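So the structure is just underneath, and the comments pick up after that.
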Number of protein chains: 2
Amino acid sequence: MLETATRLMQAGVTPSVSEVAEAAGVSRATAYRYFPSEAALVHAVVDEALGPILTWRSTSADAGERVADLFESSLPRIEEFEATFKAALKLSLEEWAGRQAGTLGNEPQFTRGHRVDLLRQALAPLKGELSKGQVDRLAQALSLTFGVETLIVLKDIWGLDAGRTQAVAQWAASALVRAAVEEARSSKKG
Amino acid sequence: MLETATRLMQAGVTPSVSEVAEAAGVSRATAYRYFPSEAALVHAVVDEALGPILTWRSTSADAGERVADLFESSLPRIEEFEATFKAALKLSLEEWAGRQAGTLGNEPQFTRGHRVDLLRQALAPLKGELSKGQVDRLAQALSLTFGVETLIVLKDIWGLDAGRTQAVAQWAASALVRAAVEEARSSKKG
DNA sequence: ATCAATATGATACGCGTGTCTCAAAAATTT
DNA sequence: AAATTTTTGAGACACGCGTATCATATTGAT
């Protein structure tokens with residue numbers, strides 16, 4: 001049933017719990033038992049999609065290469081599950097709106113910061129060269145080019161294809177890393 | 001009534017058409033006459049919010065300064081209407097999902113590329129120095145750091161405040177511009 | 001003041017999501 | 001095999017969005 005949902009989502013659609021139920025050949029009630037809401041459904045598929053990304057480990061000692069490697073292995077996967085990640089983003093926006101409405105903002109955040117950990121890990125080699133604040137800022141800037149949002153902007157707004165999207169994201173990422181490193185060097189030098 | 005919707009959205013909530021009706025003191029039916037769907041409602045408020053941004057014109061001749069100026073004037077406005085832009089993004093995601101489901105992908109795109117025009121305009125001074133492809137790539141990279149998506153990533157995921165968000169976006173933008181210019185110079189030199 | 005045209009309001013309807021109840025089926029225990 | 005526990009399915013329900021209908025104000029013209 002999770003498989004059915006994953007398959008459907010990879011096919012591009014964002015099925016409702018009822019649709020998954022029908023596709024999986026179970027009753028609606030049963031489907032709602034396993035996935036009490038569409039959020040739970042998407043959440044499960046996102047975890048499935050994130051699998052290979054979260055186990056990514058760098059092989060290089062150079063931060064630039066590590067970032068490039070991370071992007072190269074992650075972005076295609078994100079694109080493969082584009083519908084899933086977009087559904088997750090949509091849900092996080094709904095949660096945000098709900099949190100604004102009811103002032104009881106104590107629900108758990110949907111969007112967990114996997115980006116944060118991955119990028120910090122990729123930038124680990126820079127720890128000596130850059131200050132913690134500089135590494136953080138770089139990681140924050142990189143996280144802008146690393147996620148579904150990147151796909152949305154480059155593919156949907158600019159109309160780029162998958163290859164160009166990847167290329168632009170890679171270029172931006174490497175440019176940011178280079179800029180941060182150069183900046184640190186010149187400030188240390190001067 | 002549009003004013004009511006704008007006011008509500010600036011207060012952070014994403015009201016339904018019914019809620020706007022009640023808040024504006026008109027009947028539900030009347031509200032649906034003016035805004036046939038929530039999409040129309042959000043669309044109208046987005047246009048309201050975009051007003052000052054779209055009339056932005058650069059005063060400087062330096063591309064870096066122009067981009068900085070654009071970010072400085074636009075990002076706070078986007079943040080001021082954060083709920084509105086997030087609602088718009090949510091709607092665009094829904095439309096995308098709908099387009100994937102029904103294969104009749106001929107509906108008009110919700111997310112219009114205002115970013116594209118603004119950034120191209122800001123980068124106009126580089127036309128001589130960079131090739132068209134280089135300018136485009138830079139604009140595409142910059143557009144990743146210029147929009148609601150930036151707010152989502154930096155505020156919601158990283159937990160930054162408004163000031164830090166602005167600072168990171170600005171830094172990333174200027175770093176990208178510098179990188180593109182240096183790259184062009186060195187390739188012309190070499 | 002009267003009449004036509006338009007805007008508004010109240011109400012009911014279809015549709016999809018999510019919740020609930022209860023009976024039937026399947027698996028487990030003894 | 002019989003009894004008990006667990007899982008599943010069918011249907012009914014509440015709720016919110018969007019639509020349609022029809023009567024009632026409200027406006028403007030004669």
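Every value quoted in this text rests on a predicted model; they were computed, and no experiment measured them. All chains are named by letter (A, B, ...) in the order of the sequence lines, taking the proteins before the strands, and each is independently numbered beginning at 1. What's counted below: heavy atoms across the whole structure, side chains too, no hydrogens, waters or symmetry copies.
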Between [options], which nucleotide gets closest to the side-chain atoms of [X]?
| X | options | result |
| --- | --- | --- |
| B:Ser37 | C:dA10, C:dG18, D:dG18 | D:dG18 |
| A:Val26 | C:dT17, D:dG9, D:dT19 | D:dG9 |
| A:Tyr32 | C:dT17, C:dG9, D:dG18 | C:dT17 |
| B:Ala29 | D:dA10, C:dG18, C:dG9 | C:dG9 |

So which heavy atom on B:Ala169 is nearest to which on B:Leu75, and how close?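 Result for this residue pair: CB-CD1, 3.6 Å.
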Test B:Ser74 against B:Trp56 for side-chain hydrogen bond (donor to acceptor under 3.5 Å, both in side chains), laying out the working first. CA-CA 9 Å; B:Ser74 298; B:Trp56 174 85; over 6 Å; no
Atom-to-atom span, [atom1] of [X] to [atom2] of [N] - whole angstrom:
| X | N | atom1 | atom2 | value |
| --- | --- | --- | --- | --- |
| B:Glu94 | C:dG16 | CD | P | 15 Å |
| A:Phe35 | D:dT8 | CZ | P | 12 Å |
| B:Glu19 | D:dG16 | CD | C1' | 10 Å |

Presence of salt bridge, B:Glu79 and B:Lys155, under 4.0 angstrom: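 Looking at B:Lys155 and B:Glu79, the cut-off is met.
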Charged N to carboxylate O below 4.0 Å: is that the case for B:Glu183 and B:Arg178?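 Between B:Arg178 and B:Glu183 there is no salt bridge, as every charged N stays at least 4.0 Å from the carboxylate O atoms.
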Closer than 4.0 Å, any side-chain N/O of A:Ser27 to the OP1 or OP2 of D:dA10?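 A:Ser27 to D:dA10 OP1/OP2: no side-chain N or O under 4.0 Å.
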Kindly indicate whether the side chain of B:Arg28 and the base of D:dG18 share any N or O donor-acceptor pair separated by less than 3.5 Å?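 Yes, a donor-acceptor pair under 3.5 Å.
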Within the 4.0 Å heavy-atom criterion, would you say B:Tyr34 contacts the bases, only the backbone, or no part of the nucleic acid?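 Sugar-phosphate only.
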Both A:Ser18 and A:Arg33 contact DNA chain C. Taking the nearest nucleotide for each, which residue is further toward the 5' end?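 On the 5' side of the pair lies A:Ser18.
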